Amino acid sequence: MSIKKLVIIAVIILSILITACSSKTSEEKIQNHLEEAVALEEGFEKQQSKITDLERQEQKLYNKIIDLGMDEMDQIKKRSEQALETVDKRKEAIKKEQESIKQAREEFSNIEELINDLEDKEVKATADKMNKVMTQRYNSYGKLNKAYNDALKLEKEMYEMLPKKDLEQKTLTDQVNKINETYNKVIEFNKEFNKYTQEYNKVKQGFYKQAGIEGTNKDSDK
């Protein structure tokens, strides 16, 4: 086959692809962005079990450290260093989780211009609500992420002070109280995040139904 014929075929194929893409309705284009956003959040979901496992490891190490006496300083230092490793690993996992959410948010933002092209008023109203709820969800994650990172910072400080022989009980107690207070915020923001996630999934399915689009089983369920 000649180069000229190959070029003509390539142009025809490209033309078909462009036509196929342009023939999609605004509703279908929105769906594509929504499902791609869900796919991008898979990285976020993968980190969840890893973070949970690391939290369990850290808690066991903390309990062992607390049970040790001041005459076992070598063991306290060893366990503290191990605990610090789990903190660093959780910090890295949180960073990956955040990046996944960031990419998903950027993908999701593509629907904003498409919403303006929707002709059906009810469909448009539902799409607007869906966009609003998801924005609240992402903002909620931002607060959750910050609170969790604050907690990790406080935990790191605690494990660095535990091996010190001159550590006073009050100093340790104050640090533990700060950590607990921060984790209370983590729990609060996590509940808020889950609430918006559930609300978004409900509105999303409503949008698909109104737009006559067949949905998928892939939803943001974290």
Side-chain angles (χ1 to χ4, degrees), residues 14 17-55 89-149 152 185-222:
L14 182 61
L17 289 173
I18 292 173
T19 303
C21 290
S22 61
S23 66
K24 286 184 178 180
T25 65
S26 296
E27 288 85 351
E28 289 172 331
K29 289 177 182 177
I30 288 174
Q31 180 193 29
N32 287 342
H33 289 304
L34 298 183
E35 298 307 326
E36 181 60 27
V38 171
L40 288 169
E41 280 200 26
E42 288 181 3
F44 162 73
E45 294 175 14
K46 286 178 182 177
Q47 297 304 316
Q48 292 295 295
S49 58
K50 183 177 181 180
I51 291 169
T52 300
D53 288 341
L54 288 168
E55 286 174 343
K89 287 178 181 178
R90 282 158 65 198
K91 189 174 181 179
E92 185 61 31
I94 287 293
K95 185 178 179 181
K96 290 179 181 179
E97 178 187 273
Q98 184 183 26
E99 183 59 32
S100 175
I101 290 289
K102 180 183 177 183
Q103 291 176 354
R105 184 169 193 169
E106 289 173 355
E107 178 65 31
F108 184 86
S109 67
N110 290 316
I111 76 167
E112 292 180 6
E113 290 184 5
L114 292 168
I115 290 175
N116 295 325
D117 297 332
L118 296 173
E119 296 178 359
D120 188 294
K121 290 183 179 179
E122 289 186 1
V123 174
K124 186 176 185 299
T126 302
D128 279 328
K129 184 178 180 181
M130 182 172 62
N131 185 43
K132 180 182 178 181
V133 173
M134 189 55 131
T135 299
Q136 290 173 317
R137 176 177 179 266
Y138 285 135
N139 290 340
S140 181
Y141 174 79
K143 293 186 289 184
L144 172 60
N145 179 268
K146 183 182 182 305
Y148 198 91
N149 276 305
L152 290 179
K185 291 181 181 179
V186 170
I187 293 170
E188 177 187 343
F189 293 141
N190 189 57
K191 286 180 180 178
E192 183 181 271
F193 176 75
N194 289 335
K195 183 193 75 172
Y196 284 130
T197 299
Q198 292 171 5
E199 186 179 353
Y200 165 75
N201 287 334
K202 185 177 179 180
V203 178
K204 174 185 169 184
Q205 293 308 317
F207 169 76
Y208 281 0
K209 186 175 181 181
Q210 287 180 335
I213 296 173
E214 185 176 348
T216 69
N217 291 324
K218 290 184 178 181
D219 281 323
S220 302
D221 57 1
K222 295 295 178 182

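Worth saying up front: this structure is predicted, and the values here are computed from it rather than measured.
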Looking at [X] and [Y], what are the two nearest heavy atoms and their distance?
| X | Y | value |
| --- | --- | --- |
| Glu27 | Ile213 | O-CD1, 3.4 Å |
| Glu42 | Ser100 | N-OG, 4.4 Å |
| Lys143 | Phe189 | O-CD1, 3.5 Å |
| Ser26 | Asp117 | OG-CB, 3.4 Å |
| Ala104 | Ala37 | CB-O, 3.5 Å |
| Glu97 | Phe44 | CG-CD1, 2.8 Å |

Nearest 0.5 Å please: distance from the [atom1] atom of [X] over to the [atom2] atom of [Y].
| X | Y | atom1 | atom2 | answer |
| --- | --- | --- | --- | --- |
| Gln198 | Phe193 | CD | CZ | 11.0 Å |
| Asn194 | Tyr141 | CG | OH | 12.5 Å |
| Lys124 | Lys121 | NZ | NZ | 10.5 Å |
| Glu55 | Lys89 | CD | NZ | 14.5 Å |
| Glu36 | Ile111 | CD | CD1 | 14.0 Å |
| Tyr196 | Asn139 | OH | CG | 8.5 Å |

Between the side chain of Thr126 and the main-chain N/O of Val203, is any donor-acceptor distance below 3.5 Å?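 Pair absent, no side-chain N/O of Thr126 close to backbone of Val203.
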For a side chain to side chain contact (heavy atoms under 4.5 Å, CB included) check, start with the C-alpha distance between Asn110 and Glu113, then their side-chain angles and the critical distance, and finish with the verdict. CA-CA 7 Å; Asn110 290 316; Glu113 290 184 5; over 6 Å; no
Are side-chain heavy atoms of [X] and [Y] found at a separation under 4.5 Å?
| X | Y | result |
| --- | --- | --- |
| Gln103 | Glu107 | no |
| Lys102 | Arg105 | no |
| Thr197 | Asn201 | yes |
| Asn145 | Ile101 | no |

Glu192 and Lys185 ion-paired at < 4.0 Å: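 Salt bridge absent between Glu192 and Lys185.
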Taking only Lys NZ, Arg NE, NH1 and NH2, and the carboxylate oxygens of Asp or Glu, determine whether Asp128 and Lys132 approach each other closer than 4.0 Å. no
Let me see the working for Gln47 and Ile94 under side chain to side chain contact (heavy atoms under 4.5 Å, CB included), right down to the final yes or no. CA-CA 7 Å; Gln47 297 304 316; Ile94 287 293; over 6 Å; no
Run the side chain to side chain contact (heavy atoms under 4.5 Å, CB included) check on Leu54 and Glu92 step by step: do they pass? CA-CA 11 Å; Leu54 288 168; Glu92 185 61 31; over 6 Å; no
Between Gln136, Lys129, Gln205, Met130, which is the residue that forms a side-chain contact (heavy atoms from CB on, under 4.5 Å) with Tyr200? Met130
Assess the residue pair Tyr148 and Arg90 against the criterion (side chain to side chain contact (heavy atoms under 4.5 Å, CB included)); give the C-alpha distance rounded to whole Å, side-chain angles, the decisive distance to 0.1 Å, and a yes or no. CA-CA 10 Å; Tyr148 198 91; Arg90 282 158 65 198; 3.2 Å; yes
